[in-house]
Engineer: 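Let me give you the structure first, and then I'll get to my questions.
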There are 4 protein chains.
Amino acid sequence: MSALQIRKAPRQRRAVHTVDALLEAAALVLEADGLEGFNTNAVARRAGASVGSLYQYFPSKDALTLALVLREKRKFHEALVAAQALPTCREALASLVDLSARQQLTRPNLARLLDQEEARPEFRAALGDGSNFRLVLSAMLAMPGAPAHLCEDQPRRGRAADDLAAMIRGMTDAAGERGERDVDDLAYRIGAAVFGYLAVPPRQM
Amino acid sequence: MSALQIRKAPRQRRAVHTVDALLEAAALVLEADGLEGFNTNAVARRAGASVGSLYQYFPSKDALTLALVLREKRKFHEALVAAQALPTCREALASLVDLSARQQLTRPNLARLLDQEEARPEFRAALGDGSNFRLVLSAMLAMPGAPAHLCEDQPRRGRAADDLAAMIRGMTDAAGERGERDVDDLAYRIGAAVFGYLAVPPRQM
Amino acid sequence: MSALQIRKAPRQRRAVHTVDALLEAAALVLEADGLEGFNTNAVARRAGASVGSLYQYFPSKDALTLALVLREKRKFHEALVAAQALPTCREALASLVDLSARQQLTRPNLARLLDQEEARPEFRAALGDGSNFRLVLSAMLAMPGAPAHLCEDQPRRGRAADDLAAMIRGMTDAAGERGERDVDDLAYRIGAAVFGYLAVPPRQM
Amino acid sequence: MSALQIRKAPRQRRAVHTVDALLEAAALVLEADGLEGFNTNAVARRAGASVGSLYQYFPSKDALTLALVLREKRKFHEALVAAQALPTCREALASLVDLSARQQLTRPNLARLLDQEEARPEFRAALGDGSNFRLVLSAMLAMPGAPAHLCEDQPRRGRAADDLAAMIRGMTDAAGERGERDVDDLAYRIGAAVFGYLAVPPRQM
DNA sequence: TATGAATGAGTGTTCATTCAT
DNA sequence: AATGAATGAACACTCATTCAT
């Protein structure tokens, strides 16, 4: 069993509650005290549990962090899948951008710190090297209305997806850090970057 | 004397060498072992010096980190200033994008980790709250050829500078992390995002 | 929570035992190795515990020292209060002197070093600026049979209390350091100084 | 050569000056920053010298401290010797008390800290186990007018000298620490204790 | 199963002392 | 002789993890 997998699936209702409490406590600690204050004792205390309990469910601190990352990604990812059902590339991307901005501004500090954690090498393997986000983006770039030069060139599409993901992540992180609150405005500006990027023809070397 | 200022200027040649060795060792340790392995003993060892020497010149670990950040920024910033001398907004921005890509791909892991460190609250004050990069960007957006709606609206220009800085940083970080090596290609794609973003009219609310 | 307060009350029996062991170990280390050898690792080792345990209960080395000071004062102070119940100033003071001599000669090195620690500015606040000892002395100088010029002049009484405290502390410390063992003899000599001092009329300026 | 002896007698005038400067710097650092701030680098800096120079003249930090102790004692001791020339025990003691008070209140923090250092076991040997002060006191207790029971009983006289030394030291230290400034008042009160003590007949066991 | 006490390797930092220049 | 750069053992303190109860 990998050291990052959850240790045991909680079966009893009480156990489920404990796991949830621990995850939310982890989120709260991260938001309140940053990575500096994020330690297992603080999380357990905040959850009203003991460190021992924490280690019953999470084999390591990293496993806890990873579980939190996944929890935050889950809801977001479900919404993303729905966005994929939209008819055109443009609509799908616009929806994705909107969701990203909304997700980030909901709990900005949490989202930013988890973005950072996500990047740690220890997690890359566990998260699948191409994150879901990147795959969804790449798929969207093959939808009707997407730039022709991307539709049929998969490597190029992957590269574009990487770029868009990086732009979106960069802009949402920064906006959250600055304390922005207006989701629509942020989404509009990210859209400008995204669609502006896509409008440019590929480079002739 | 702030706890982040360098402790004493090295006077003897030997001392200058030690300080340089310490800074370069800090860079190497960061690149090789990441923030996890970045500790003062490791840095001193790698520099072929003792911890004591490190603390002769840097009053704290943070001071060392800050000095490294500044060292990396210095050359970059000088080039930026030269870019500002270009006649048009487009040329200046293109140059800035090129410099950013080049800077990042030169020592990608170092640049990315220092970006991260730079964002820590302890450093914000010491680095001047608006980083130089943002100010330069904002100035460029007031140069001839810049979008009209930005030239005369300073707050909007500041916001645009923030966005561009975030996009550029996001894309360069990600490219470096992926191991990209082609500076020109990266610069072209970032340019697409930057100029695409600027081509979009401001949002009507 | 002040950095000098105990960190958490030990709840389990094992924890109580650890705290006691740590305090006694601190006393033993001080006695055996003096302030020079008094470090947290040594204390923990002597207690058969780990540094980690020490810091579970004491937030800092100073907190440990303070706790030890208070532990040593506690018993002594209870006896002092009993002495205050005696009918006359003379009896009360005699009892106080006796208690002081006894306290000091019980663990002379410990008492002396703690006297020294007690005087450190960090502790003054936590110990109450006028130590209990001084206050008790001052109260005794207002009891029946006390010199008339002190009974009614509170500032002068405070000064006299300071002087007596200083004499007693000086003599007990020195006796302990010399290795004296005869409590009664020491008490007699201190009494000579104390009552001699009080017998002298106030200075006419 | 003991590690506490001064390393070499300074012969050149410049060397004498350096040694003096170092000693005075040590005193100033002790007064300003206490034992906590008393380190060789700080002393050298304050003296306008280098650590290297310090170690040219003093083989160790303790040697420096000891030299400072001796410097402070020297002037005092010369005055004490003069006091011994007075005709009666009472006059001699009164003079000694006056000198002690004056000495302490001149540089109270320095005197107190040096008293503390003096007591460290490392120094006991170097200072001669019975300090000069104690010997002078003992001699005075054999002068005309001294209590009969002391004149002829040398051990008892030694004991009384110890007690008086301890009282005087305790009272002067405390007065200095409290910030008292009135030498005469302090001397009067110490005199009360001293002569009061001597007036009491020896204990019958 | 849950608790929280215990562990100890690891980290930042200081400072007495040495020694090349 | 003088300088001050260099050394490194030592210390206070943290925190992920284990385990007795």
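So you know, we letter chains A, B, ... as the sequences are listed, proteins then strands, and number each from 1.
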Engineer: Heavy-atom distance under 4.5 Å between the side chains of D:F123 and D:V69, does that happen here?
Structural biologist: no
Engineer: I need the full list of side chain to side chain donor-acceptor pair (under 3.5 Å) pairs touching residues 36-46 of chain C, with sequence neighbours left out, sorted by first then second residue.
Structural biologist: none
Engineer: Calculate the interatomic distance between C:R13 atom CZ and E:dT3 atom C1'; express it in whole Å.
Structural biologist: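 Taking atom C1' of E:dT3 as the reference, CZ of C:R13 is at 16 Å.
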Engineer: Does any pair with a residue in residues 48-64 of chain B pass salt bridge (charged side-chain N to carboxylate O under 4.0 Å, His left out), and if so which ones, sequence neighbours excluded?
Structural biologist: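 Non-adjacent pairs meeting salt bridge (charged side-chain N to carboxylate O under 4.0 Å, His left out): B:D62-B:R120.
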Engineer: Need one value for C:T18: base, sugar-phosphate or nothing, where a base atom within 4.0 Å counts as base even if backbone is also close, heavy atoms only.
Structural biologist: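 Touches sugar-phosphate only.
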Engineer: Find the runs of at least 3 consecutive base pairs, i with j, i+1 with j-1 and so on, that include DNA chain F, using Watson-Crick or G-U wobble geometry with both distances under 3.5 Å.
Structural biologist: E:2-21 with F:2-21
Engineer: Give one of base, sugar-phosphate or nothing for C:Y57, where a contact means two heavy atoms less than 4.0 Å apart.
Structural biologist: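 Sugar-phosphate, no base atom in range.
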Engineer: Please report, rounded to the nearest Å, how far the P atom of E:dA5 is from the CD1 atom of C:I6.
Structural biologist: 12 Å
Engineer: Applying side-chain contact (heavy atoms from CB on, under 4.5 Å), can you list everything that pairs with B:A26, at least two apart in sequence or on another chain?
Structural biologist: B:F38, B:V43, B:L64, B:L68
Engineer: Output all residues satisfying side-chain contact (heavy atoms from CB on, under 4.5 Å) with B:E177, sequence neighbours left out; order by chain, then residue number.
Structural biologist: A:A119, A:R124, B:R112
Engineer: Polar atom pairs between nucleotides 15-17 of chain F and protein, under 3.5 Å, N or O only, would you list them?
Structural biologist:
| residue | atom | partner | partner atom | Å |
| --- | --- | --- | --- | --- |
| F:dA16 | OP1 | A:K61 | NZ | 2.8 |
| F:dA16 | OP2 | A:T40 | N | 2.8 |
| F:dA16 | OP2 | A:T40 | OG1 | 3.2 |
| F:dT17 | OP2 | A:Y55 | OH | 2.9 |
| F:dT17 | OP2 | A:K61 | N | 3.0 |

Engineer: Report the residue (B:S50 or C:R14) whose heavy-atom-nearest nucleotide on DNA chain F is the more 5′ of the two.
Structural biologist: B:S50
Engineer: Regarding C:A49, tell me which of base, sugar-phosphate or nothing describes its non-hydrogen contacts under 4.0 Å with the strands shown.
Structural biologist: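 It contacts sugar-phosphate atoms only.
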Engineer: Without decimals, in angstroms, what is the distance between B:L54 CG and F:dG8 C1'?
Structural biologist: 13 Å
Engineer: Can you name the residues that form a side chain to side chain donor-acceptor pair (under 3.5 Å) with A:D20, not counting sequence neighbours?
Structural biologist: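 Partners of A:D20 under the side chain to side chain donor-acceptor pair (under 3.5 Å) test: none.
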Engineer: What residues form a side-chain contact (heavy atoms from CB on, under 4.5 Å) with A:L70, not counting sequence neighbours?
Structural biologist: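 For A:L70, the residues satisfying side-chain contact (heavy atoms from CB on, under 4.5 Å) (neighbours in sequence not counted) are A:L66, A:R74, A:L127.
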Engineer: B:E31: which residues meet the side-chain contact (heavy atoms from CB on, under 4.5 Å) condition with it, sequence neighbours left out?
Structural biologist: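 So B:E31 forms a side-chain contact (heavy atoms from CB on, under 4.5 Å) with B:L28, B:R107, B:N109, B:L110.
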